[in-house]
Amino acid sequence: METILTGIRVNGELTLGNLLGALLPMVRLAEKYKSTHRVNVFVPDLHTIIADVDGDLQANTLKSLRYYAAAGLDLAHENIHIYRQSYVPAHSELCWILDTVATMGEMGRMTQFKEKSEGRDSANVGIFNYPVLMAADILLYSAKYVPVGEDQFQHIELARNLAERFNHKYGPTFELPATTAEQAAFMQGLAVEGKKAAGIRIRDLQNPEKKMSKSSQAENSKIMLSDTPASAAAKIMGATTDSVGKVQFDMFNQPGISNLLSILALTTGDTLESVSARYAGETNYGDFKRKVAEAVELFLADFQVKVAQTPDQEILAAFTRGESYANEIAKTKLLDAQRAVGLR
């Protein structure tokens with residue numbers, strides 16, 4: 001079986017945008033491929049601590065996986081493996097070995113490092129080095145596909161480069177992940193084959209030129225998963241639209257209306273094309289917003305019930321099973337690398 005690797009972010013509360021644009025697509029991916037692939041879903045807690053943690057890391061870890069379970073992730077399936085990165089020591093150990101074949105120059109060219117360290121007198125080393133840890137995350141499990149945003153493609157290329165360099169220096173040890181072109185084709189294939197709307201970047205309700213972000217200071221710009229359904233509906237009713245006066249999907253000219261169409265599609269489980277066609281030409285923005293608000297209210301109420309009904313014991317049992325599997329696979333690959341280098 002080929003392996004698909006993806007991670008669960010755990011730094012604090014999530015927004016509706018995180019749920020609709022990232023969690024649900026990942027759950028659909030796992031559902032689509034769980035019979036034919038190993039689907040590794042890990043909590044990148046070592047990556048999380050390179051920045052200040054919003055809240056308690058342990059509590060965030062349980063809450064985040066509870067969100068994924070509520071979104072439909074099959075925690076008990078034999079091919080879905082859920083584990084915490086820090087509970088598999090091979091991640092850190094392989095990272096150090098890969099550090100010896102990585103160069104300062106290529107790490108300094110990482111776009112994410114430039115962005116995260118910009119304006120800082122002294123960025124921590126973890127921000128500089130985390131792409132090597134990400135390479136270890138991938139190479140330990142011979143993961144072929146790593147569904148990420150385009151801003152992370154550079155890190156997949158780094159994983160390929162480090163694996164090739166290691167194999168050339170020490171002999172065949174690591175399988176290379178798919179190229180970024182193949183990764184993009186894989187994710188696009190998931191998007192077009194799914195019956196429900198694909199993951200879409202959900203926009204700020206007050207400024208739809210930007211994505212919805214939990215860090216926004218404007219409370220009405222974002223819907224948090226902990227918001228009451230009624231308050232979420234009220235935020236939809238107050239969302240920025242435009243003066244065109246016609247409902248249509250046109251992200252360039254009508255980002256506010258287009259964002260609401262995306263939210264409506266994803267909260268009702270319909271396709272964006274179907275929803276856009278249904279409301280095409282509607283001129284009463286108030287009536288349209290009410291439809292979206294009702295859908296969001298129902299969706300969030302149902303989701304919060306599912307979250308509350310997912311017990312910690314189920315989450316911890318999934319971690320226990322997944323970490324047993326992950327340690328077995330990762331230790332074997334780490335030993336291969338240690339032997340190649342001469343450490344064993």
Side-chain angles (χ1 to χ4, degrees), residues 3 5-11 38 40-53 57-58 61 81-117 120 122-144 146 148 152-178 319 322-344:
T3 297
L5 176 77
T6 189
I8 294 176
R9 57 172 296 180
V10 295
N11 194 10
R38 296 185 186 93
N40 287 14
V41 182
F42 79 107
V43 174
D45 48 2
L46 294 174
H47 288 295
T48 300
I49 62 173
I50 67 172
D52 293 336
V53 177
L57 184 56
Q58 292 296 313
T61 297
H81 307 289
I82 299 163
Y83 53 94
R84 290 160 289 193
Q85 185 185 34
S86 67
Y87 279 63
V88 186
H91 287 250
S92 302
E93 294 185 52
L94 182 59
C95 178
W96 180 257
I97 293 174
L98 293 177
D99 274 338
T100 67
V101 295
T103 69
M104 295 286 287
E106 66 189 337
M107 300 305 296
R109 290 190 294 272
M110 294 289 109
T111 302
Q112 288 281 305
F113 167 68
K114 292 178 182 178
E115 292 177 352
K116 291 179 183 297
S117 61
R120 299 189 184 190
S122 180
N124 71 59
V125 175
I127 293 175
F128 182 77
N129 195 52
Y130 91 88
V132 182
L133 179 58
M134 183 173 170
D137 299 335
I138 296 168
L139 299 177
L140 279 172
Y141 305 95
S142 304
K144 183 171 184 179
V146 188
V148 293
Q152 294 287 328
F153 277 3
Q154 191 180 31
H155 296 162
I156 296 178
E157 281 300 316
L158 176 69
R160 287 177 55 84
N161 292 340
L162 295 181
E164 285 184 319
R165 198 174 303 153
F166 187 98
N167 291 347
H168 179 75
K169 184 175 182 178
Y170 296 111
T173 305
F174 297 114
E175 294 179 37
L176 275 61
F319 277 139
E323 284 152 10
S324 176
Y325 155 85
N327 272 296
E328 181 178 351
I329 299 296
K331 283 193 294 186
T332 299
K333 181 57 68 175
L334 175 64
L335 182 59
D336 290 343
Q338 291 169 328
R339 284 173 170 162
V341 172
L343 295 171
R344 297 291 185 275

Colleague: Taking ring-ring contact (aromatic ring centres under 6.0 Å, His included) as the test, write out the residues that go with Phe153, two or more places apart.
Modeller: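 Not a single residue meets the ring-ring contact (aromatic ring centres under 6.0 Å, His included) criterion with Phe153.
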
Colleague: Nearest heavy-atom pair of Ala159 and Leu139: which atoms, and what distance?
Modeller: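 Looks like O-CD1, 4.0 Å.
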
Colleague: With sequence neighbours left out, which residue pairs that include part of residues 82-114 fulfil the ring pair (Phe, Tyr, Trp, His ring centres under 6.0 Å) condition?
Modeller: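 Every ring pair (Phe, Tyr, Trp, His ring centres under 6.0 Å) pair that includes a residue of residues 82-114, provided the two are not neighbours, is Phe42-Tyr83, Tyr83-Tyr141, His91-Tyr141, Phe113-Phe128.
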
Colleague: Are the side chains of Arg339 and Thr173 in contact, using a 4.5 Å heavy-atom criterion?
Modeller: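 Contact flag for Thr173/Arg339 side chains = no.
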
Colleague: I'd like to check the side chain to side chain donor-acceptor pair (under 3.5 Å) partners of Lys144; sequence neighbours left out, ordered by chain and number.
Modeller: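 Partners of Lys144 under the side chain to side chain donor-acceptor pair (under 3.5 Å) test: Glu2.
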
Colleague: How close do Val146 and Ile156 get, counting heavy atoms only, and between which atoms?
Modeller: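 Nearest pair, atom of Val146 first, then Ile156: O-CD1, 3.6 Å.
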
Colleague: So does Glu175 have more than 12 non-hydrogen atoms from other groups sitting under 6.0 Å from CD?
Modeller: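 Atom CD in Glu175 is not packed in, count stays at 12 or less.
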
Colleague: Identify the two heavy atoms, one from Gly108 and one from Lys114, that lie closest to each other, and give their separation to 0.1 Å.
Modeller: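 In terms of heavy atoms, the two residues are closest at O-CE, 3.5 Å.
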
Colleague: Just jot down the ring-ring contact (aromatic ring centres under 6.0 Å, His included) partners of Phe174, sequence neighbours excluded, or say none.
Modeller: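 Listed in chain order: Phe166.
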
Colleague: Applying side-chain contact (heavy atoms from CB on, under 4.5 Å), run through Ile97 and Leu334 and close with a yes or a no.
Modeller: CA-CA 9 Å; Ile97 293 174; Leu334 175 64; 4.2 Å; yes

Colleague: Is any side-chain heavy atom of Pro44 closer than 4.5 Å to a side-chain heavy atom of Asp137?
Modeller: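 Counting from C-beta outward, Pro44 and Asp137 never come under 4.5 Å.
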
Colleague: Please report the shortest heavy-atom distance between Val132 and Ala102, naming the atom on each side.
Modeller: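 It is CG2-CB, 4.2 Å.
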
Colleague: Which atom names give the shortest non-hydrogen contact between Leu176 and Ala163, and what distance separates them?
Modeller: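 Minimum heavy-atom separation between Leu176 and Ala163: CD1-CB, 3.9 Å.
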
Colleague: Looking only at heavy atoms, what is the nearest atom pair of Gln154 and Thr111, with distance?
Modeller: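 Nearest heavy atoms, Gln154 then Thr111: OE1-N, 2.7 Å.
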
Colleague: Could you list all the salt bridge (charged side-chain N to carboxylate O under 4.0 Å, His left out) pairs where at least one residue sits in residues 323-332, not counting sequence neighbours?
Modeller: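 Matches after skipping sequence neighbours: Arg84-Glu323.
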
Colleague: Might you work through the side-chain contact (heavy atoms from CB on, under 4.5 Å) test for Ile329 and Asn40, ending with a clear yes or no?
Modeller: CA-CA 11 Å; Ile329 299 296; Asn40 287 14; over 6 Å; no

Colleague: What residue among Thr48, Asp45, Thr61 forms side chain to side chain donor-acceptor pair (under 3.5 Å) with Ser86?
Modeller: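 Result for side chain to side chain donor-acceptor pair (under 3.5 Å) with Ser86: Asp45.
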
Colleague: Is there any salt bridge (charged side-chain N to carboxylate O under 4.0 Å, His left out) pair reaching into residues 160-173, and which pairs are they, with sequence neighbours excluded?
Modeller: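 As it turns out, the salt bridge (charged side-chain N to carboxylate O under 4.0 Å, His left out) pairs with a partner in residues 160-173, which skip direct neighbours, are Glu106-Arg165.
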
